[in-house]
Amino acid sequence: MQRIALVLLLFVVFPFQAQENRRDNPAGMLSLGGRTTVSLFNEQKNEMSGSGVGGQFRLRFSDAVNTDWFFDYITSDILNYAHRTDYHIGWSVLFYPINNHNYFHQTTQFKPKFRPYILAGHCFDYSKIEAKDGTNALDGVWYSERWSSAVQAGLGTHLELSPRFDLSLTGQYMIHLGNHIETDYDFTSGTLSFNEHKGASLAGHVLVTLSLNYKIAKLWGFSRR
Amino acid sequence: MGIQPKIIGLFLLASTLVYSQEKPWSHWSIQSSYFQPSLLRASATIAPTRFYTQQTTVAFIHGFVEYVLEPNISVRGEANIMAPNGQLVFTNEPEKFPRNYSALYAGFGYHFGKNNWKLDFHAEPGIAFAEMAQDPYSVVPIRFKWSACPSYQLKAGTSIYFSRFCHFFAEFNYGNGWIRKTPLSSLSIAQYGISAGLGFHLLTKKLN
């Protein structure tokens with residue numbers, strides 16, 4: 001009888017414990033933000049660093065795990081004979097190895113703090129390389145394009161300036177897995193040609209992203225306080 | 001005139017002097033700040049802007065809308081449109097500068113300072129829309145080209161909220177980006193400028 005009573009007591013206690021954890025858990029937090037990106041060490045021969053703009057929303061699944069869902073529009077030059085445009089749409093998982101801050105336990109005045117993370121994810125991308133003047137004397141409009149998939153991984157940190165607002169700086173390497181376009185420019189004749197290679201290539205680029213994010217809603221795990 | 005009116009006159013004069021000891025701006029410190037969460041503010045002005053790598057100065061028609069989310073944080077959207085014939089100082093070759101240029105930015109601001117006098121910083125990613133001039137060296141004329149160019153803007157400024165509905169603001173703006181869809185080399189749109197004027201605001205929620 002005592003055992004049954006003990007088990008029943010535990011059953012009664014655990015839900016209270018769970019309620020407490022659920023109330024303190026930042027899971028379900030939805031953020032919205034804008035971002036600007038610099039693209040470095042690009043795969044293309046003679047390609048220079050690029051710059052981009054985009055947006056993202058961030059959905060948190062637990063204390064230690066967050067996700068970014070992003071869109072980027074990046075442009076870069078290939079010397080002065082072509083330019084490249086990349087559209088990325090994808091997602092990343094953020095893991096917080098140091099997790100000592102609770103959004104709902106602001107017992108003292110908030111102080112800005114850093115929160116580092118490791119990130120990995122996947123995206124779909126569309127790339128277009130276009131001759132600088134957009135045309136070729138013989139063939140008219142002159143460009144090449146590709147759809148591909150990519151994976152990315154890197155490191156970053158949030159700078160939390162208020163309980164709901166943060167700046168995030170991320171450095172990551174993105175590897176494109178699809179077809180590969182090569183440009184070949186003859187500097188003597190000024191002729192540009194494109195060569196498309198089928199199959200996977202491990203070419204990619206480094207992306208440094210600065211984003212500004214604001215927590216706008218908690219989609220689950222509400223508390224009535 | 002008898003002595004009584006003189007005394008009354010002196011008394012009135014003295015009372016006004018005592019009243020004038022209260023500084024005209026003292027009520028500002030008594031009342032709460034106009035700058036509070038839920039404040040919506042907006043303005044439009046002319047912003048002289050220097051494209052310093054192009055040695056060109058233009059006049060932008062500049063407008064913004066900003067909403068205060070927290071005591072220190074705001075979200076803001078703004079637009080810069082190159083005014084018609086707005087090239088004030090134009091020392092670059094005409095074909096190397098856009099004949100039309102507009103930019104849209106959206107981002108967040110951080111504000112600090114005393115009650116009604118705020119210093120603020122903004123970071124805003126955005127997109128510039130530029131229409132480049134015709135290629136002057138092409139035998140067959142190439143059509144004018146519009147392109148959307150990733151850009152960003154950083155701002156530092158100050159605002160003084162002097163009434164329930166109006167404030168003065170002054171800002172220093174820095175922006176950067178590249179127009180790559182050109183017949184010639186890509187064009188930097190690195191720029192700095194100022195914007196200042198009278199802004200309007202409204203508290204959209206009644207606070208307790």
Side-chain angles (χ1 to χ4, degrees), chain A residues 31-39 47-56 71-87 109-110 112 128-135 137 140-141 143 159-169 209-216, chain B residues 37 67-77 103-112 121-130 132 134-154 175-190:
Chain A
S31 306
L32 199 63
R35 52 197 257 154
T36 186
T37 300
V38 177
S39 171
E47 188 173 351
M48 299 154 89
S49 63
S51 57
V53 65
Q56 66 179 15
F71 171 77
D72 277 330
Y73 168 62
I74 301 170
T75 62
S76 55
D77 278 328
I78 303 172
L79 282 186
N80 60 352
Y81 56 80
H83 65 93
R84 172 175 167 159
T85 307
D86 285 286
Y87 300 87
Q109 193 180 7
F110 183 88
K128 184 178 182 182
I129 300 176
E130 207 172 340
K132 199 66 188 167
D133 61 5
T135 58
V141 177
Y143 68 88
L159 171 57
E160 291 169 346
L161 292 172
S162 90
R164 298 179 75 173
F165 178 67
D166 70 80
L167 293 173
S168 300
L169 182 67
T209 301
L210 179 70
S211 66
L212 305 110
N213 306 280
Y214 194 79
K215 296 174 185 69
I216 55 168
Chain B
Y67 183 77
V68 180
L69 298 161
E70 294 178 21
N72 292 325
I73 310 286
S74 67
V75 60
R76 171 165 167 146
L104 292 173
Y105 298 98
F108 292 91
Y110 195 83
H111 307 257
F112 55 92
F121 293 96
H122 292 88
E124 299 170 2
I127 289 192
F129 301 93
M132 287 304 296
Q134 210 160 0
D135 182 355
Y137 306 114
S138 175
V139 179
V140 182
I142 297 171
R143 65 183 169 82
F144 293 99
K145 287 176 183 173
W146 276 97
S147 60
C149 319
S151 176
Y152 64 85
Q153 186 164 252
L154 303 172
N176 206 343
W178 288 89
I179 302 170
R180 307 204 191 265
K181 203 168 187 174
T182 67
L184 304 165
S185 298
S186 291
L187 193 92
S188 166
I189 49 172

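In this text, all values refer to a predicted model and were calculated from it rather than measured experimentally.
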How many angstroms lie between atom [atom1] of [X] and atom [atom2] of [Y], to the nearest 0.5 angstrom?
X	Y	atom1	atom2	value
A:Tyr73	B:Ile127	OH	CD1	6.5 Å
A:Ser51	B:Asn176	OG	CG	7.5 Å
A:Thr36	B:Glu124	OG1	CD	12.0 Å
A:His83	B:Thr182	NE2	OG1	7.5 Å

Any side-chain heavy-atom pair from B:Trp178 and A:Met48 closer than 4.5 angstrom?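 The answer is no; the side chains never approach within 4.5 Å.
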With a 4.5 Å cut-off on side-chain heavy atoms, are B:Val75 and A:Tyr214 touching?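 Side chain of A:Tyr214 against side chain of B:Val75, heavy atoms only: no contact under 4.5 Å found.
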Taking every heavy-atom pair that is under 4.5 Å apart, which of [options] has the most such pairs with chain A?
options	value
B:Ala148, B:Pro71, B:Ser147, B:Cys149	B:Ala148
B:Pro125, B:Ala106, B:Ser185	B:Pro125
B:Gly107, B:Gly126, B:Ser151, B:Gly177	B:Gly126

Which one, A:Gly50, A:Gly55, A:Ser76, leads in non-hydrogen pairs under 4.5 Å with chain B?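 Result: the option with the highest number of such pairs is A:Ser76.
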Nearest heavy atoms of B:Phe108 and A:Asn213, plus distance in Å: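 It is CE1-N, 4.4 Å.
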Atom group of A:Leu32 that falls short of 4.5 Å from chain B, counting heavy atoms: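 Backbone of A:Leu32 only, per the 4.5 Å heavy-atom cut-off to chain B.
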Which bit of A:Arg35 comes within less than 4.5 Å of chain B, counting heavy atoms only: side chain, backbone, both or neither?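 For A:Arg35, the backbone is the part near chain B, not the side chain.
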Which residues pass the salt bridge (charged side-chain N to carboxylate O under 4.0 Å, His left out) test with B:Arg180, not counting sequence neighbours?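 Residues passing salt bridge (charged side-chain N to carboxylate O under 4.0 Å, His left out) with B:Arg180: A:Asp77.
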May I ask you to decide if A:Thr37's main-chain N or O and B:Tyr152's side chain share a donor-acceptor pair within less than 3.5 Å?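 Checking the backbone N and O of A:Thr37 against the side chain of B:Tyr152, no donor-acceptor pair under 3.5 Å is found.
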Please state whether the side chain, the backbone, both or neither of B:Ala123 comes within less than 4.5 Å of a heavy atom of chain A.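 Both parts, backbone and side chain.
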